[in-house]
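Let me begin by presenting the structure, written as structure tokens, before commenting on it.
Reminder, nothing fancy here: chain letters follow the sequence lines and each chain counts from 1. The figures that follow rest on heavy atoms only: side chains count, while hydrogens, waters and symmetry mates do not.
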Amino acid sequence: MSNPSSGPGSLVTRRRFLHGSMVAVSGTLSAPYVMRRASAATTELTMLAWYGHAEPDIVAEFEEQHDVTVKPKYYSGGDNMLALIAQSPPGTYDLILSDAEYVQQLNAAGYVEELDPGDYPLDDYYPEFQQFPGHWKDGKLFSVMARFGFLGVAYNTEALTEEEARSYQVYWSPKLTGKLGHFDWHLPNLGQMSLHNGNHPPFDLDDAAWDTLRETTLTLRPQVGGFFDYGGTFASLQNGQMLAFCGIGDWITGVLQKEGAAVRTVVPEEGGLQWTESFSIGKGARHPELARQFIQYITSPEGQVKSANMAAYPALIPSQKGWELLNAETPEEAQRQGMVLGQRNVMDDIRDGRIHFRALPVQQTLEDWNDFWSDYKSG
Amino acid sequence: MKKVTIFGLSFSLPLLLWQLLFFAFPLFFLVALSFWVVENYRMVPDFDGVNWTKMFGRDVFWDTYLRTLALAAGASVLVSILAFPCSYGIAFKLSANLRRLAIFLMIIPFFTSYLVRVYSWQIFLSDNGIFNAAFGLLGMGPYTMLNTDFGTMVGYLTLCLPLVVLLQVFGLMFVDRTLIEAAHNLRCGRLRTVFLVVIPSARVGLVIAALFCFILTFGDFVGPLYLGGGKPPTLSIMITDTTKAGQQWPRAAVIAIVMIATLLVVAFSAIGYAYRKRA
């Protein structure tokens, strides 16, 4: 009995097998190129942003709706963002996400286009955010607020009580000696120290207040266990190496809290700081219409809910309709972040005057603040 | 005078081109950059010494410089001392097969990213980590190891120890065994032979190994930041701080040039010492 697969008349000969294999292999290898060509046909919307804003949980739906790929360039810090724009040809970035304190500088440098307020659902926003400082100049709109958050005392709930964390004074507690971490950026840290010293607004300091702020901050140095970047801050809070953190907020503890870590952030009695992120359209953008549609998407109630739940770091949202949808879709996150309607919520903290916008130093230069921060770190 | 031939040039030119492209030109650019100024977050070509006077006029710069120098020098000594017994054992006590295996084992750590290895050390060194859990079973501790100079040193050891062992092994393997036999025949004790015969004979390898350790640790960013907690900062951390604040790349260039100059001085001194003829 002959083997049907090996005889001269068999269906599979060695040559045929080799030929078939080669076709299959070359077909498999070429598939990504075919697919790449197909995907290259879609438009690319470039975005300069903090990490997370162009990840699938945020942009996938927009990409599908508009047959577009959002191509991010992530930065870390406002200075870094300004430098990236300054060193790129005009039109490199269609969309620019900026911290509020840098919007004025973007505008002054002519890096962003004027926006038509009628294009965006600003009427859905809480009144406090409809005319956000720095976003408007001479009645013209240049940036649309997308999300915000508070910075306060971030702490390990197994080491400190909420009552203790309700004051910046807790940073000097013997419980925190060697266990207090700093997020390594002078602005939020010194802003908190300024609030502790009773300066309102915290970034507009005369010489005497600035001297006192430096003295106060230096007394904190023996408490400090380390200065950390984004990853180090996460790790040291998660593994309990640091029991409290200065200069951060729910944008970090919220991520850890959702993963089950015993950490949270509270706004102390002396007040908290607000960070704010806003979208602008880059000057000479290649796809201004798409950029406009993206801002509409992210400021819509659906986009706002995505933003509040962003995997990279959660945030508060300025849209009242966004709040309503958030309470309907993810009530647990609305509760966790204090965005529940019909009861005391984060808007009351703002209305009580407990929240101050994070800003650039008014009477000193950024360099003065940074130099002091270097000295403090080295101390 | 030796005649330059095409044959000779064909061998030396690639190295020369490489050095020009990836060392001389970037270094020249770095020096030029240190005289530029920053206006509105944009670097503007200039010839202004303000960055040099600014950096050299700050106590924090010199404190950080001396600290980094001391940490790197300390690491070079410590790593060399810790590596030597291991290298000695591999070079003199193991069979050829076991020596090959040991050398292979020393190469394996380089298969994994240094950053990953440093992050995994955090699990061991943290207050609630594996080491303190073990100490706790013995009724000891907890000891603070993470975010200290000890942590930084662990990072440096992770970075350098396998390399230093390898370089020391290669240095020791070329020691003339007849010298050791002669020492023993002249009734020189084992320890005395190590100090009077083995170490002087392997001086080049041992010094080069320590030099590599110094070079790597002097510029290391990962260990001091993730195991040392960035407090107090080293020069490499200071470079990142400087670039983060107002995009002061020209000032960061000043720090980088000082680091390169220091490394050149140390490297030439070490090599001069290593190849110095015995009096």
For A:Ser378 against B:Pro233, the heavy-atom pair lying closest together: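 Reported closest heavy-atom pair: CA-CD, 3.8 Å.
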Non-hydrogen atoms of B:Asn147 and A:Gly225 that approach each other most closely: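 Scanning both residues completely, I find the closest heavy atoms to be CB-O, 3.2 Å.
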Looking at [X], I want to see if its [atom1] is surrounded by more than 12 non-hydrogen atoms of other residues, nucleotides or ligands under 6.0 Å.
{"X": "A:Tyr376", "atom1": "OH", "result": "yes"}
{"X": "B:Trp249", "atom1": "CH2", "result": "no"}
{"X": "B:Phe56", "atom1": "CZ", "result": "yes"}
{"X": "A:Lys258", "atom1": "NZ", "result": "yes"}
{"X": "A:Lys175", "atom1": "NZ", "result": "yes"}
{"X": "B:Trp18", "atom1": "CH2", "result": "no"}

Measure the spacing between [atom1] of [X] and [atom2] of [Y] and express it to the nearest 0.5 Å.
{"X": "B:Lys54", "Y": "A:Asp371", "atom1": "NZ", "atom2": "CG", "result": "3.5 Å"}
{"X": "A:Asp229", "Y": "B:Thr240", "atom1": "CG", "atom2": "OG1", "result": "9.0 Å"}
{"X": "B:Met43", "Y": "A:Gln87", "atom1": "CE", "atom2": "CD", "result": "4.5 Å"}

Which region of [X], side chain (C-beta onward) or backbone (N, CA, C, O), has a non-hydrogen atom less than 4.5 Å from a non-hydrogen atom of chain B, or is it both or neither?
{"X": "A:Ala235", "result": "side chain"}
{"X": "A:Asp184", "result": "both"}
{"X": "A:Phe228", "result": "side chain"}
{"X": "A:Ala109", "result": "neither"}
{"X": "A:Asp375", "result": "both"}

Side chain to side chain, B:Gln248 and A:Asn370, heavy atoms closer than 4.5 Å: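 A side-chain contact is absent here, since even the closest heavy-atom pair is not under 4.5 Å.
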B:Lys231 side chain near A:Arg221 side chain, heavy-atom distance below 4.5 Å: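 Yes; the side chains approach each other to less than 4.5 Å.
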Per-residue contacts, residues 117-138 of chain B versus chain A, heavy atoms under 4.5 Å: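 When heavy atoms of chain A are the reference, residues 117-138 of chain B contributes B:Tyr119, B:Gln122, B:Ser126, B:Asp127, B:Asn128 within the under-4.5 Å range.
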